[in-house]
K.L.:
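Submitted below is the structure of interest, expressed as structure tokens.
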Amino acid sequence: MKLGRFALKSLAAAALGAVAFGSAHAAEFTLRYAHFWPSNSKVHTELFEAWAKSVEKASNGRIAVQLFPAQTLAKAEGSYQAMVNGVADIVSTVQGYTTGRFPLTQIAEFPGIGNSASQTGCVLQSLYDQGLLNSEYSDAHVLYMFSTGPGMIHTRNKLVKTPEDLKGMRIRNPAVIPGQILQKAGARTASMPAPEAYESMQRGVIDGVVFPWEAVQVFRLIELTRYHTEIPLYSTAFVTAMNKRTYDRLPPDLKKVIDDHSGPEWQRRAGAVFDSLDISGRERAVADKQEIYTIKDPLATPDWGPILKGVIDEYLETLKKQNLPGEKVYEAAQKAKESCPVSPSAS
């Protein structure tokens, strides 16, 4: 495959960050797989490395996978487009980094959709498998969907109990839905990819983040935060997707290998990894004697409920004005939740 100058420069710059399995020289096809998680994170080692090794084994070495963690091939906010353009063959990324591109997908990020990474990821995968989200991915070959657990408020110098406590605080905005919630509560939001949050908090640019326990640990923010408000404001949707031309070039038997490494099974594996990280992240905060305040059902509380419901209603109304079936997708998400287990052990 011929590469343009941009792709060649990107590959050269990323060479030191690549992790290759098997022998790329012996393989018939080499897939460049980019993501933004650190190379020492369990998301990289237990999910993406496991996927790469399994694909290589199932293809009898005919497919080699080169992993490019930590934004070494493509920046987090541009990684989906890098896959579409062929700079990367496969990416795992956040749909919300591409503003306005996945409006129906982001319904799965609503508060109340899921109580764990396994459950929300199952809902998201179900919506895609039902064909309700497919139009948003016409430029890619989707392998599987997954999600974080619930995103909560983590701050450095002040405990947040009510929306009033957020007024004037500078909080990292992770996506559209939580960003609107934060703004309605009076917070000042700042948008940035997850890997940049540590430095921003360290320098005092932000006072806190809205993250699941997993991300607080993976991106080392547990070292800077002292207060944690367990309020499930949202979940972050992820997609693992492949360049369509790359997939189409594979012979039928190797397409089957990729197909066998797609769909609900790998969504469940991803959910298990993220759930375990949520548990260990919280345990780390407890061990460090950090303060944790829990709000179990914020949609039902008099202070948080109106804000959360208002954001959901406004988002769905915006989709309606765009002639998008937001209500239909939201209803399908709520129905899917009933059959999606909170944890893999519950399935």
Side-chain angles (χ1 to χ4, degrees), residues 6-7 9-11 13-19 32-45 47-49 51 66-102 105-106 108-109 117 121 124 136-137 139-140 142-149 151 154 171-179 189-203 205-206 209-212 214-221 234-243 270 273-274 277:
F6 174 77
K9 288 180 180 179
S10 297
L11 286 172
L16 292 177
V19 181
R32 303 179 305 278
Y33 189 155
H35 67 80
F36 60 82
W37 282 268
S39 60
N40 62 349
S41 70
K42 286 188 176 182
V43 180
H44 175 81
T45 58
L47 181 57
F48 304 140
E49 276 192 2
W51 187 92
Q66 286 183 309
L67 286 169
F68 293 86
Q71 306 186 94
T72 48
L73 181 59
K75 291 294 184 182
E77 63 271 25
S79 57
Y80 186 87
Q81 192 60 42
M83 174 274 301
V84 171
N85 293 343
V87 175
D89 296 301
I90 301 172
V91 294
S92 290
T93 191
V94 178
Q95 291 93 318
Y97 284 165
T98 312
T99 304
R101 190 165 185 167
F102 304 99
T105 295
Q106 292 189 268
E109 299 184 344
L124 185 58
E136 297 186 340
Y137 302 91
D139 53 1
V142 171
L143 301 185
Y144 62 93
M145 302 282 189
F146 60 114
S147 169
T148 64
H154 309 272
I171 307 293
R172 184 240 177 201
N173 172 20
V176 173
I177 300 303
T189 59
S191 297
M192 65 192 70
E196 297 176 15
Y198 182 93
E199 183 179 357
S200 293
M201 184 175 287
Q202 190 177 47
R203 292 167 50 207
V205 175
I206 56 175
V209 296
V210 181
F211 264 151
E214 161 268 324
V216 173
Q217 179 173 225
V218 167
F219 296 107
R220 298 172 48 219
L221 288 153
Y234 79 109
S235 296
T236 296
F238 298 115
V239 62
T240 296
M242 188 172 185
N243 178 274
V273 171
F274 278 85
L277 287 169

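In this text the structure is predicted, and so the values were computed from the model without any measurement. Nothing fancy with the numbering, it's 1 onward along the sequence.
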K.L.:
Where is the tightest heavy-atom contact between V209 and R172, given as atom of each residue plus distance?
P.N.:
CG1-CB, 3.9 Å

K.L.:
Using modelled atom types and a 3.5 Å cut-off, is there a donor and acceptor pairing between side-chain atoms of Q71 and backbone atoms of A76?
P.N.:
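The answer is yes, because a donor-acceptor pair under 3.5 Å joins these two groups.
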
K.L.:
Between the side chain of N243 and the main-chain N/O of V84, is any donor-acceptor distance below 3.5 Å?
P.N.:
yes

K.L.:
Start with the C-alpha gap between M192 and E199, add the side-chain angles, then the distance that decides, and say whether side-chain contact (heavy atoms from CB on, under 4.5 Å) holds.
P.N.:
CA-CA 11 Å; M192 65 192 70; E199 183 179 357; over 6 Å; no

K.L.:
Using every non-hydrogen atom in the two residues, find where M83 and A140 come nearest and quote the distance to one decimal.
P.N.:
CE-CB, 3.5 Å

K.L.:
Taking the six-membered ring for Trp, is the centroid-to-centroid distance between Y144 and W51 below 6.0 Å?
P.N.:
no

K.L.:
How close do A74 and S79 get, heavy atom to heavy atom, and via which atoms?
P.N.:
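Distance-wise, the nearest heavy atoms are CB-CA, 4.0 Å.
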
K.L.:
CG/L73 to CZ/R32 distance, rounded to the nearest 0.5 angstrom?
P.N.:
7.0 Å

K.L.:
Between L277 and Q217, is a side-chain contact (heavy atoms from CB on, under 4.5 Å) present by the stated rule, with each step listed?
P.N.:
CA-CA 8 Å; L277 287 169; Q217 179 173 225; 3.8 Å; yes

K.L.:
Using the ring of each side chain (for Trp, its six-membered ring), is H35 parallel, tilted or perpendicular to Y33, with breaks at 30° and 60°?
P.N.:
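Perpendicular.
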
K.L.:
Compare every heavy atom of N173 with every heavy atom of S191, then report the nearest pair and how far apart it is.
P.N.:
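Nearest heavy atoms, S191 then N173: OG-ND2, 3.5 Å.
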
K.L.:
According to side-chain contact (heavy atoms from CB on, under 4.5 Å), who are the partners of Q202, at least two apart in sequence or on a separate chain?
P.N.:
Y198, L224

K.L.:
Can you list the residues that meet the side-chain contact (heavy atoms from CB on, under 4.5 Å) rule with S235, with sequence neighbours excluded?
P.N.:
T120, S147, T148

K.L.:
May I ask you to decide if the ring planes of Y80 and F102 are parallel, tilted or perpendicular, using 30° and 60° as cut-offs?
P.N.:
perpendicular

K.L.:
Looking at every non-hydrogen atom in both residues, tell me the closest pair between A197 and I206 and how far apart they are.
P.N.:
O-CD1, 3.9 Å

K.L.:
Output yes when a side-chain donor or acceptor of E136 lies under 3.5 Å from a complementary backbone atom of T105, and no otherwise.
P.N.:
yes

K.L.:
List the residues meeting side-chain contact (heavy atoms from CB on, under 4.5 Å) with A215, not counting sequence neighbours, and say none if there are none.
P.N.:
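Here the qualifying residues are F211, P212, F219.
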
K.L.:
Take L221 and H154 through the side-chain contact (heavy atoms from CB on, under 4.5 Å) test and state the conclusion after the steps.
P.N.:
CA-CA 9 Å; L221 288 153; H154 309 272; over 6 Å; no

K.L.:
Does F36 have any ring pair (Phe, Tyr, Trp, His ring centres under 6.0 Å) partners at least two apart in sequence or in another chain, and if so, which?
P.N.:
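F36 satisfies ring pair (Phe, Tyr, Trp, His ring centres under 6.0 Å) with Y97 once adjacent residues are dropped.
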
K.L.:
Taking R101 for its side chain and Q95 for its backbone only, find out whether a donor-acceptor pair lies under 3.5 Å.
P.N.:
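A pair under 3.5 Å: no.
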
K.L.:
From K75 NZ over to T93 OG1, what is the distance, rounded to the nearest 0.5 angstrom?
P.N.:
13.0 Å

K.L.:
Can you confirm whether F238 sits close enough to T236 that some side-chain heavy atom of one is under 4.5 Å from a side-chain heavy atom of the other?
P.N.:
yes

K.L.:
Do L67 and H44 make a side-chain contact, defined as non-hydrogen atoms from C-beta onward lying under 4.5 Å apart?
P.N.:
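In contact.
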
K.L.:
Looking at every heavy atom in both A237 and L124, which two are closest together, and how far apart are they?
P.N.:
CB-CD2, 3.7 Å

K.L.:
How would you list all residue pairs meeting salt bridge (charged side-chain N to carboxylate O under 4.0 Å, His left out) that involve residues 77-88, not counting sequence neighbours?
P.N.:
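Pairs touching residues 77-88 that pass the test: none.
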
K.L.:
Can you name the residues that form a side-chain contact (heavy atoms from CB on, under 4.5 Å) with T45, not counting sequence neighbours?
P.N.:
K42, E49

